[in-house]
There are 2 protein chains.
Amino acid sequence: MEKKDIILAAALRLFVENGFHGTATARIAQEANVATGTLFNYFRTKEELIVALYCTILKEMDDFILERLESHSISKESFRSLFVSTLSWSLENRDHYRYLQQFDHSPYFKVVEETIAGQEEYPLFVLIKNGIDIVLIKQLPVSFIYSLFTAQINGLHYYIISNDLREDKELELISEAFEMLWKMIED
Amino acid sequence: MEKKDIILAAALRLFVENGFHGTATARIAQEANVATGTLFNYFRTKEELIVALYCTILKEMDDFILERLESHSISKESFRSLFVSTLSWSLENRDHYRYLQQFDHSPYFKVVEETIAGQEEYPLFVLIKNGIDIVLIKQLPVSFIYSLFTAQINGLHYYIISNDLREDKELELISEAFEMLWKMIED
DNA sequence: TATTTTTGTGACTGATTAGTCAATCTTAAT
DNA sequence: ATTAAGATTGACTAATCAGTCACAAAAATA
């Protein structure tokens, strides 16, 4: 599993830097210090590598967020935890986050759309569903709230990386942004 | 200017469908019913075509939004107009909007970042700046509010195209989403 | 009509690409 | 030590690509 991860890490760096088709498989292998043939032992095609990398990153992010979620109660604090964890992860793993976005907005996304389990399984999605049920959150479609929630995260992430703030200022802003979001979606 | 626009339109369709490098210049020329050489008469390189298409679409969107902005007062209604116009345009020109997003999240974006006039010139950005000055909007960095505003538009756009709603339901939701956004950013 | 200028053409090229495969190396079991 | 199974290699190939250029058609000018 060692080599596979090295290849994935090399691919991530190059895809983010040069785009999917702007990165030759041979270049990825070189960056990972393996032969071209080795890459194709682990991934049958380039597309399989691209999709596998996407799924791997998605899982890493999910694990990180769930790890940090202390309480499993349906409360404002749980929402805050998901919000803050997601942002922390996205800021500590900028290339990973960038890759997710690059993939989401590329034609490859439709490859995954049917295959992968949809939003319905994400922790945030489930929490919102429950939040609406117990009337903690506005009575609106779950995936609508979900879209706004993630959009807020995207917007804030973009702002922070565009104007690199001091650590403390950053945390303050994340907290403020969450309160604004909460005011928007609470019932 | 006729041929140039035909080429741009063909490029848009193919880039959205197959990605930047997934689309050969010869294929674009074919789709536009011109010779390969003709394409390179209008655009010196493929990258120039990609960037020109981005700028063209951005301008089209801006023109549409400004056309619809009746009052130039700094008021909630002006914000609503920008919000609704942007969403209307994005829903009536899905490929165009998709292209903008694909470009924004691709490595090509950095090519444009320094070249093109930044956010500071966009009508929405100016309006927010003024809105903050007259204390209509929360006293926070302009580009922070700007990021959240556009993020809300992205999130709503994504929700609407993912669950294609009836026309009336769609307008209702846009209106509701704006009120939520307003509650979030008003002072 | 004759001449110049602009616009359009598509076969061509040198470079690059994803993916293959026969040979070699590594590891572990007997 | 010998063998077998699996992992790794990188030269190779057939295909594809962006961009060129000598020429032709069309448009504009005289």
Side-chain angles (χ1 to χ4, degrees), chain A residues 1-57 95 99 102-103 105-112 115, chain B residues 1-57 95 99 102-103 105-112 115:
Chain A
M1 278 296 162
E2 184 64 20
K3 281 251 173 67
K4 194 172 182 173
D5 293 335
I6 293 172
I7 292 170
L8 284 172
L12 172 63
R13 258 175 285 139
L14 292 168
F15 283 145
V16 165
E17 181 78 18
N18 310 113
F20 295 118
H21 295 80
T23 304
T25 49
R27 182 78 187 75
I28 297 171
Q30 188 188 40
E31 184 88 356
N33 289 311
V34 297
T36 340
T38 306
L39 188 149
F40 287 98
N41 275 348
Y42 290 97
F43 308 95
R44 290 213 313 275
T45 64
K46 187 181 180 183
E47 179 169 315
E48 192 172 299
L49 165 62
I50 290 170
V51 173
L53 180 54
Y54 179 75
C55 295
T56 303
I57 293 177
D95 276 359
Y99 185 83
Q102 190 173 319
F103 186 95
H105 294 96
S106 81
Y108 286 110
F109 185 64
K110 66 174 184 294
V111 176
V112 131
T115 315
Chain B
M1 277 299 162
E2 184 64 20
K3 281 249 172 68
K4 193 171 183 174
D5 293 335
I6 293 172
I7 293 170
L8 284 171
L12 172 62
R13 256 173 287 140
L14 292 168
F15 283 146
V16 165
E17 181 76 19
N18 310 114
F20 295 118
H21 295 78
T23 303
T25 48
R27 183 76 186 77
I28 296 171
Q30 188 189 38
E31 184 88 356
N33 288 310
V34 297
T36 340
T38 305
L39 188 150
F40 286 98
N41 275 348
Y42 289 97
F43 308 96
R44 290 213 312 274
T45 65
K46 187 182 182 182
E47 179 168 315
E48 193 172 299
L49 165 62
I50 291 170
V51 173
L53 180 54
Y54 179 75
C55 295
T56 303
I57 293 177
D95 276 0
Y99 184 83
Q102 189 173 318
F103 187 96
H105 294 95
S106 81
Y108 285 109
F109 185 64
K110 67 174 180 297
V111 176
V112 131
T115 315

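Below, read A as the first sequence line, B as the second, and so on, with proteins coming before strands; counting in each chain starts at 1.
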With A/Thr23 via side chain to side chain contact (heavy atoms under 4.5 Å, CB included) - residues at least two apart:
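Partners of A/Thr23 by the side chain to side chain contact (heavy atoms under 4.5 Å, CB included) criterion, ordered by chain and then number, come out as A/Leu14, A/Phe15, A/Asn18, A/Ile28.
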Output all residues satisfying side chain to side chain contact (heavy atoms under 4.5 Å, CB included) with B/Ala29, sequence neighbours left out; order by chain, then residue number.
B/Val34, B/Leu39
Closest non-hydrogen atom pair, [X] against [Y]:
| X | Y | answer |
| --- | --- | --- |
| A/Gly19 | A/Gln102 | CA-NE2, 3.6 Å |
| B/Ile7 | B/Ala32 | CA-CB, 3.9 Å |
| B/Val112 | B/Val51 | CG2-CG1, 3.7 Å |
| B/Phe20 | B/Lys46 | O-NZ, 3.0 Å |

Interatomic distance, B/Lys46 NZ vs D/dG19 P [rounded to whole Å]:
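These atoms are roughly 8 Å apart.
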Without decimals, in angstroms, what is the distance between B/Leu49 CG and D/dG19 C1'?
13 Å
Using C1' atoms of five pairs at each end, report the bend of the helix from C/dT1-D/dA30 to C/dT30-D/dA1 rounded to 10 degrees.
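The helix from C/dT1-D/dA30 to C/dT30-D/dA1 shows an end-to-end axis angle of 10°.
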What residues, two or more places apart in sequence or in another chain, satisfy side-chain hydrogen bond (donor to acceptor under 3.5 Å, both in side chains) together with A/Glu31?
A/Arg13, A/Arg27
Please identify each residue that fulfils side-chain hydrogen bond (donor to acceptor under 3.5 Å, both in side chains) with B/Tyr99, with sequence neighbours left out.
none
By ring pair (Phe, Tyr, Trp, His ring centres under 6.0 Å), which residues pair with A/Phe40, not counting sequence neighbours?
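Listed in chain order: nothing, the list is empty.
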Results of salt bridge (charged side-chain N to carboxylate O under 4.0 Å, His left out) for B/Glu47 - residues two or more places apart only:
none
Protein within reach of the bases, or only the backbone? For nucleotides 5-10 of chain C, mark each nucleotide 5' to 3' as B, S or -, using heavy atoms under 4.0 Å.
---BBB
Under a 4.0 Å heavy-atom cut-off, which of residues 16-30 of chain A touch DNA chain D?
none
